[in-house]
Number of protein chains: 2
Amino acid sequence: MAETARIWTAALLVIGDEILSGRTQDKNVAQVATWLNVQGIRLREVRMVADDMDAIVEAVNTLRARNDYLFTTGGIGPTHDDITVDAIAQALGVGVVIHPDARAILEGYYATRGGLNEARLRMARVPDGASLIPNRMSGAPGIQHGNIFIMAGVPSITAGMLDALTGTLEGGLPVLSATVGCWVAESEIADLLRETERLHDDCQIGSYPFFRDGRVGANFVIRSTSAAILEDVSAALTTGLTALGREAVAGGI
Amino acid sequence: MAETARIWTAALLVIGDEILSGRTQDKNVAQVATWLNVQGIRLREVRMVADDMDAIVEAVNTLRARNDYLFTTGGIGPTHDDITVDAIAQALGVGVVIHPDARAILEGYYATRGGLNEARLRMARVPDGASLIPNRMSGAPGIQHGNIFIMAGVPSITAGMLDALTGTLEGGLPVLSATVGCWVAESEIADLLRETERLHDDCQIGSYPFFRDGRVGANFVIRSTSAAILEDVSAALTTGLTALGREAVAGGI
């Protein structure tokens, strides 16, 4: 426990006009964050940009340099507004090539669906030097280049690509969490939260208030890489709430 | 129409461990994006960071410098993990002070709710020089400092703060949109989309495919600041789809 384990980090870049216009509610941040945590990798930062070459290039180069992994979602379809592959190739300073395996996958997929036309062939284009991430959902694969993982924007297709990557990335200890709930205004027990966090190493306590059935309450989420610390902190918080005349609800409300 | 109108831009910074851990599904991006558009302001970029001083300071200083407006959500509650005000004050190089009006608002709000304690008084702290954004929901106000608007993380409270700001920010022409739907694989009509966009100024066409009731289809969203252009492009797209033997569905599917 005295030993400091290496922390593996990732960034996520969400690409698409439809996110910034408010038309589409993003669901990939929560999905990727949850998946990463199981891999022992922490999502450290997210950026969302339009289908804009300069904006994508800037974000890709900043994020890939300071994180172990960079994931992107969106902009890899067959239409003119899908420019993610071109932008990432430009960020990497490499050309764009047709990946022969991707072409073969698309030929197979579209054999009974009208054939492989020019637009569909766009989905076989990758930054030179890339490998593929399988996609059981719709033929068109995701793309890996170095520490960059290029995925679809449609959440169900993204899920399939994450599934294909499960267990293949090096990570560290997953962050575990435990929740203690209480029917109390968080502002009444703020000192207890601060002190409990301060007295325990390798733990963060987040406070998430709510207003439900006419009453205020809050869930306190404890995070740590150690199950023993989680247990200690949960017990300390429960004892502290009880001492203040409050009932702690294990698992949250 | 030949005249190029000034485009007003905004960035949004979403602050909170709960977003990056995947525990909470963000809803503020879509909400703020939609609201901004009505004000004639375009959401150009979004970043999401943890409750981390350095990460917030870096993002605030980058985003406020290159956009007309910067909005933040999250981290302005009463507990130890709420550090947004301190981080923004540090980014601005100013101190943190108790705003007298905020204090008065909180005293009134908590008069019948157990009184104003030290934790609750934290919600009256602002970067020196700030003014307040009213919040009808829960007492604690939002904060404005220069071109930065500091709002709550809970979406219903954020909504109240946006409502208070409606019509107060200078903007340009709102982006209008029209949707044409079609039961077609987008990859079969990619050329039509590209050419239609190319032949019309001040318009973007986004293609959003779906798989529903066992069939593939797509909605094509046309965006422009001109209602006349929207109408022209919708008509051109409809004519083009019809010429390809496809039925265009006005308003989308």
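To find a chain, count down the sequence lines: A is the first, B the second, and so on, and within it residues start at 1.
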Show, in sequence, the C-alpha distance, side-chain angles and deciding distance for L121(A) and I98(A), and conclude whether the side chain to side chain contact (heavy atoms under 4.5 Å, CB included) test is met. CA-CA 8 Å; L121(A) 188 57; I98(A) 298 278; 3.9 Å; yes
V221(B)/I205(B) under side chain to side chain contact (heavy atoms under 4.5 Å, CB included): CA gap, chis, key distance, verdict: CA-CA 6 Å; V221(B) 177; I205(B) 305 178; over 6 Å; no
No hydrogens needed, just list the donor-acceptor pairs between chain B and chain A under 3.5 Å.
{"unit_1": "S21(B)", "atom_1": "OG", "unit_2": "R223(A)", "atom_2": "NH2", "d": "3.3"}
{"unit_1": "Q25(B)", "atom_1": "NE2", "unit_2": "D26(A)", "atom_2": "O", "d": "2.7"}
{"unit_1": "D26(B)", "atom_1": "O", "unit_2": "Q25(A)", "atom_2": "NE2", "d": "2.7"}
{"unit_1": "V46(B)", "atom_1": "N", "unit_2": "M48(A)", "atom_2": "O", "d": "3.0"}
{"unit_1": "V46(B)", "atom_1": "O", "unit_2": "M48(A)", "atom_2": "N", "d": "2.8"}
{"unit_1": "M48(B)", "atom_1": "N", "unit_2": "V46(A)", "atom_2": "O", "d": "2.8"}
{"unit_1": "M48(B)", "atom_1": "O", "unit_2": "V46(A)", "atom_2": "N", "d": "3.0"}
{"unit_1": "E58(B)", "atom_1": "OE1", "unit_2": "R66(A)", "atom_2": "NH1", "d": "3.4"}
{"unit_1": "E58(B)", "atom_1": "OE1", "unit_2": "R66(A)", "atom_2": "NH2", "d": "3.0"}
{"unit_1": "E58(B)", "atom_1": "OE2", "unit_2": "R66(A)", "atom_2": "NH1", "d": "2.8"}
{"unit_1": "R66(B)", "atom_1": "NH1", "unit_2": "E58(A)", "atom_2": "OE1", "d": "3.4"}
{"unit_1": "R66(B)", "atom_1": "NH1", "unit_2": "E58(A)", "atom_2": "OE2", "d": "2.8"}
{"unit_1": "R66(B)", "atom_1": "NH2", "unit_2": "E58(A)", "atom_2": "OE1", "d": "3.1"}
{"unit_1": "H80(B)", "atom_1": "NE2", "unit_2": "E197(A)", "atom_2": "OE1", "d": "3.0"}
{"unit_1": "H80(B)", "atom_1": "NE2", "unit_2": "I205(A)", "atom_2": "O", "d": "3.0"}
{"unit_1": "D81(B)", "atom_1": "OD2", "unit_2": "S207(A)", "atom_2": "N", "d": "3.3"}
{"unit_1": "N117(B)", "atom_1": "ND2", "unit_2": "S187(A)", "atom_2": "O", "d": "2.9"}
{"unit_1": "R120(B)", "atom_1": "NE", "unit_2": "S187(A)", "atom_2": "OG", "d": "2.6"}
{"unit_1": "R120(B)", "atom_1": "NH2", "unit_2": "S187(A)", "atom_2": "OG", "d": "3.3"}
{"unit_1": "R120(B)", "atom_1": "NH2", "unit_2": "E188(A)", "atom_2": "OE2", "d": "3.2"}
{"unit_1": "S187(B)", "atom_1": "O", "unit_2": "N117(A)", "atom_2": "ND2", "d": "2.9"}
{"unit_1": "S187(B)", "atom_1": "OG", "unit_2": "R120(A)", "atom_2": "NE", "d": "2.6"}
{"unit_1": "S187(B)", "atom_1": "OG", "unit_2": "R120(A)", "atom_2": "NH2", "d": "3.3"}
{"unit_1": "E188(B)", "atom_1": "OE2", "unit_2": "R120(A)", "atom_2": "NH2", "d": "3.1"}
{"unit_1": "E197(B)", "atom_1": "OE1", "unit_2": "H80(A)", "atom_2": "NE2", "d": "3.0"}
{"unit_1": "I205(B)", "atom_1": "O", "unit_2": "H80(A)", "atom_2": "NE2", "d": "3.0"}
{"unit_1": "S207(B)", "atom_1": "N", "unit_2": "D81(A)", "atom_2": "OD2", "d": "3.3"}
{"unit_1": "R223(B)", "atom_1": "NH2", "unit_2": "S21(A)", "atom_2": "OG", "d": "3.3"}

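Counting only heavy atoms from C-beta outward, the side chains of F220(A) and V184(A) approach each other to under 4.5 Å. Counting only heavy atoms from C-beta outward, the side chains of V29(B) and M48(B) approach each other to under 4.5 Å.
In this structure, the separation between CE on M123(B) and CD1 on I76(B) is 9.0 Å, given to the nearest 0.5 Å. In this structure, L173(A) CG and I7(A) CD1 are separated by 9.5 Å, a value rounded to the nearest 0.5 Å.
Residues I157(A) and A152(A) share a closest heavy-atom pair of CG2-CB, 3.6 Å.
For the options I189(A), V49(A), L36(A), L43(A), heavy-atom pairs under 4.5 Å to chain B are most numerous at L43(A).
Heavy atoms of V14(B) lying under 4.5 Å from chain A are absent altogether.
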